[in-house]
Amino acid sequence: LLNYHKFNIPIRYNSNKFITIKEKMENIDYQNQTIITRGIIKAAVLMSEFGAESILIEQTAQRLGRALGIDSVEISLIPSAIVLTTLYNHQSVTTTRRVHHKPINMSIVCEIQKTVIELEKNEHDINYLTETLKAIQPNYYNRWLVVLMVGLACASFSYLQGSDLVAFFITFLASSTAMFVRQELAKRKFVLIITFGVTAFVATMIASISQINGISSTPNIALASSVLLLAPGFAFVNSFLDSLKGYLMMGWGRWMEGIL
């Protein structure tokens, strides 16, 4: 960008005159910078809510800033909020947004990455970013397919651990029912800890059928396998990755969230 400023290279033909990169950037006043800052932090909040790595959130915010003509973007991440500052021509705008944790959905993260690439390749303004972020919707799998696959996964794990066929089918029933209950509680926006507690209760209650009158010789395996759907694997992976890459606050926050 500094080279373009120096040589004043034209980039677009409009209204019978060339618009240069230098002229385009000089059009960013305080109000426009505020709007750009809001758009960048909106993208960062969406990525954080749906499970993106902290380093990816920071890099995405910086790339958006450069694509929209901002000199520098500084960002501070904590598990419950994001603070972002844009710097342009010795002028800064700072804003803070609350982060509400939602179910992990990488389709949102991918769509935001596609938007960043489009902004870098083509001449779009902040309105393009704003409209694109508003149009992004989570890409959910069919809920009954999820219930079926979760039940099969937990039952298969119990079989790998040496359960008999009775325990296998009881595990399938318990984990499938628990997943359905979890979906219903999430749909009604219950607190995450309550959702996990009720789901675990339902799973273990159904799995305890394997202990009645000795119908299964491996009841403990059925009990353990029926609650595997609650294992926060993605949260633990992200917590370690964030900690190793220097984002200790985010790492500890995500680790504690997984523990709870």
S.K.: Between S107 and N139, is there a donor-acceptor pair closer than 3.5 Å when you use the side chain of the first and the backbone of the second?
M.R.: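 It does hold such a pair.
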S.K.: Taking side chain as C-beta onward, heavy atoms only, is I70 less than 4.5 Å from L87?
M.R.: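 Not in contact.
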S.K.: Tell me whether D164 contacts the main-chain N or O of S217 through its side chain, where contact means a donor paired with an acceptor under 3.5 Å.
M.R.: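 Checked: pair present.
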S.K.: Would you say L229 ends up clustered with Y159 if hydrophobic residues are merged whenever their side chains have heavy atoms under 4.5 Å apart, either directly or through other cluster members?
M.R.: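 Not linked; separate clusters.
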S.K.: Using the side-chain contact (heavy atoms from CB on, under 4.5 Å) rule, take M179 and R143 through it: C-alpha gap first, then chi angles, then the decisive distance, then the call.
M.R.: CA-CA 9 Å; M179 188 64 203; R143 64 175 304 183; over 6 Å; no
S.K.: Is there a side-chain contact between L129 and H124 in this structure, where contact means two heavy atoms from C-beta onward sitting under 4.5 Å apart?
M.R.: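 Answer no - side chains too far apart.
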S.K.: Can you check whether T60 reaches Q62 side chain to side chain, under 4.5 Å on heavy atoms?
M.R.: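 Result no, sub-4.5 Å side-chain heavy-atom pair not found.
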S.K.: Does S225 reach the main-chain N or O of A222 with its side chain, forming a donor-acceptor pair under 3.5 Å?
M.R.: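 Checking the backbone N and O of A222 against the side chain of S225, no donor-acceptor pair under 3.5 Å is found.
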S.K.: What closest approach, in Å, do T204 and L223 show between heavy atoms, and which atom pair accounts for it?
M.R.: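 So the minimum-distance heavy-atom pair works out to O-CD2, 3.6 Å.
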S.K.: Taking S176 for the side chain and F172 for the main chain, is one N or O donor matched with an acceptor at less than 3.5 Å?
M.R.: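 Pair found, side chain donor or acceptor close to backbone of F172.
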S.K.: Do F169 and V202 share a hydrophobic cluster (ILVMFWY, side-chain heavy atoms under 4.5 Å, transitive)?
M.R.: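 The answer is no; the residues belong to distinct hydrophobic clusters.
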S.K.: Nearest 0.5 Å please: distance from the CZ atom of R188 over to the CD atom of E184.
M.R.: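 Result: 4.5 Å between the selected atoms.
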S.K.: Show your reasoning for whether side-chain contact (heavy atoms from CB on, under 4.5 Å) applies to Q211 and I209.
M.R.: CA-CA 5 Å; Q211 296 180 330; I209 295 174; over 6 Å; no
S.K.: Do I40 and T86 have side-chain heavy atoms sitting under 4.5 Å apart?
M.R.: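 A side-chain contact exists here, since the closest heavy-atom pair is under 4.5 Å.
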S.K.: Do K114 and E111 meet the salt-bridge criterion of a basic N to acidic O distance under 4.0 Å?
M.R.: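 Yes, E111 and K114 are salt-bridged.
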S.K.: Go through the steps for V150 and L148 under the test side-chain contact (heavy atoms from CB on, under 4.5 Å), then give the verdict.
M.R.: CA-CA 6 Å; V150 167; L148 175 64; over 6 Å; no
S.K.: For a quick test of reading the model, state the closest non-hydrogen atom pair linking S158 to I221 and the distance between them.
M.R.: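 Residues S158 and I221, closest heavy atoms: O-CG2, 3.5 Å.
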S.K.: Would you check, one step at a time, whether the test side chain to side chain donor-acceptor pair (under 3.5 Å) holds for N122 with E118?
M.R.: CA-CA 6 Å; N122 301 292; E118 178 64 24; 2.6 Å; yes
S.K.: Under a 4.5 Å cut-off applied to non-hydrogen side-chain atoms, are R182 and L230 in contact?
M.R.: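 R182 vs L230: side chains touch.
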S.K.: Roughly how far, to the nearest 0.5 Å, is the CE atom of M149 from the OG atom of S156?
M.R.: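 Between S156 OG and M149 CE, I get 8.5 Å after rounding to 0.5 Å.
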S.K.: Do F234 and I55 sit in one hydrophobic cluster, given that two such residues count as connected whenever their side-chain heavy atoms are within less than 4.5 Å of each other, even indirectly?
M.R.: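 They do share one cluster, since a chain of ILVMFWY contacts under 4.5 Å joins F234 to I55.
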S.K.: If two hydrophobic side chains count as joined below 4.5 Å and joins carry through other members, does F180 share a cluster with I206?
M.R.: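 In one cluster: no.
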S.K.: Is it true that a side-chain atom of S48 and a backbone atom of V45 form a donor plus acceptor pair closer than 3.5 Å?
M.R.: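 No; judged by distance alone, with no hydrogens or angles, the pair does not exist.
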S.K.: Without hydrogens or angle criteria, can the side chains of E74 and S72 be said to hold a donor-acceptor pair below 3.5 Å?
M.R.: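 Side chains of E74 and S72: pair found under 3.5 Å.
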S.K.: Quick one: pull up CG in L185 and NZ in K189 and give me the separation to the nearest 0.5 Å.
M.R.: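 Reported to 0.5 Å precision, the distance equals 13.0 Å.
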S.K.: Indicate yes or no: at least one non-hydrogen side-chain atom of S54 is less than 4.5 angstrom from one of K245.
M.R.: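 No - every pair of side-chain heavy atoms lies 4.5 Å or more apart.
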S.K.: For residues S163 and T218, report the shortest heavy-atom separation together with the two atoms involved.
M.R.: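 Between these two residues, the closest heavy atoms are CA-OG1, 3.3 Å.
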S.K.: For the pair T177 (side chain) and A174 (backbone), establish whether a donor and an acceptor sit closer than 3.5 Å, ignoring hydrogens and angles.
M.R.: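 Not a single qualifying donor-acceptor pair exists.
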S.K.: Can T94 and T85 be counted as having a side-chain donor-acceptor contact under 3.5 angstrom?
M.R.: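 T85 and T94 do have a side-chain donor-acceptor pair below 3.5 Å.
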S.K.: Please tell me if the side chains of T96 and I82 come closer than 4.5 Å, counting only heavy atoms from C-beta onward.
M.R.: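 No, their side chains stay 4.5 Å or more apart.
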S.K.: Does a side-chain N-to-carboxylate-O contact under 4.0 Å join R254 and E53?
M.R.: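 No, no charged N to carboxylate O under 4.0 Å.
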S.K.: For a quick test of reading the model, state the closest non-hydrogen atom pair linking G151 to S175 and the distance between them.
M.R.: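 Heavy atoms of G151 and S175 come nearest at CA-OG, 3.3 Å.
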S.K.: As an exercise, state the distance from OG1 of T115 to CG of L64, rounded to the nearest 0.5 Å.
M.R.: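 Atom-to-atom, T115:OG1 and L64:CG are 8.5 Å apart.
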S.K.: If I compare all heavy atoms of N105 with all of P138, which pair ends up nearest, and what's the gap?
M.R.: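 Result for this residue pair: ND2-CB, 3.5 Å.
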S.K.: Can you hop from L84 to V99 via hydrophobic side chains spaced under 4.5 Å?
M.R.: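 Shared cluster, yes.
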S.K.: Side chains of Y247 and E58: donor-acceptor distance under 3.5 Å anywhere?
M.R.: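 There is such a pair (donor and acceptor under 3.5 Å, judged by atom type) between the side chains of Y247 and E58.
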S.K.: With distance as the sole test, does E49 use its side chain to make a donor-acceptor pair with the main-chain N or O of H100 at under 3.5 Å?
M.R.: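 Yes, the answer is positive, given that a donor and an acceptor are paired below the 3.5 Å cut-off.
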S.K.: Are the side chain of Q33 and the backbone of Q91 linked by a donor-acceptor contact shorter than 3.5 Å?
M.R.: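 Present.
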S.K.: Would you confirm whether N142, through its side chain, and W144, through its main-chain N or O, come within 3.5 Å as a donor-acceptor pair?
M.R.: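 It does hold such a pair.
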S.K.: Would you say the rings of F240 and W255 are close, in the sense that their centroids are separated by under 6.0 Å?
M.R.: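 When the ring centroids of W255 and F240 are compared, they turn out to be at least 6.0 Å apart.
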S.K.: If I take atom CG from residue L152 and atom OG1 from residue T171, how far apart are they, to the nearest 0.5 angstrom?
M.R.: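 If I round to the nearest 0.5 Å, the distance is 11.5 Å.
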S.K.: Taking NZ, NE, NH1 and NH2 as the nitrogens, is one of them in R66 or E120 under 4.0 Å from a carboxylate oxygen of the other?
M.R.: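 Salt bridge flag = no for E120 with R66.
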S.K.: Look up atom CD1 in I35 and atom CD1 in I28, then write down how far apart they are to the nearest 0.5 Å.
M.R.: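 Going from CD1 on I35 over to CD1 on I28, the span is 11.0 Å.
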S.K.: Do other residues, nucleotides or ligands put more than 12 heavy atoms under 6.0 Å from M106 CE?
M.R.: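 Buried by this count: over 12 neighbours within 6.0 Å.
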S.K.: Taking it one step at a time, do F50 and I104 satisfy side-chain contact (heavy atoms from CB on, under 4.5 Å)?
M.R.: CA-CA 5 Å; F50 288 98; I104 293 169; over 6 Å; no
S.K.: Looking at S243 and L248, what are the two nearest heavy atoms and their distance?
M.R.: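 S243 and L248 have their closest heavy atoms at O-CD2, 3.7 Å.
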S.K.: Do T34 and Y30 have side-chain heavy atoms sitting under 4.5 Å apart?
M.R.: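 With C-beta onward as the side chain, the pair touches.
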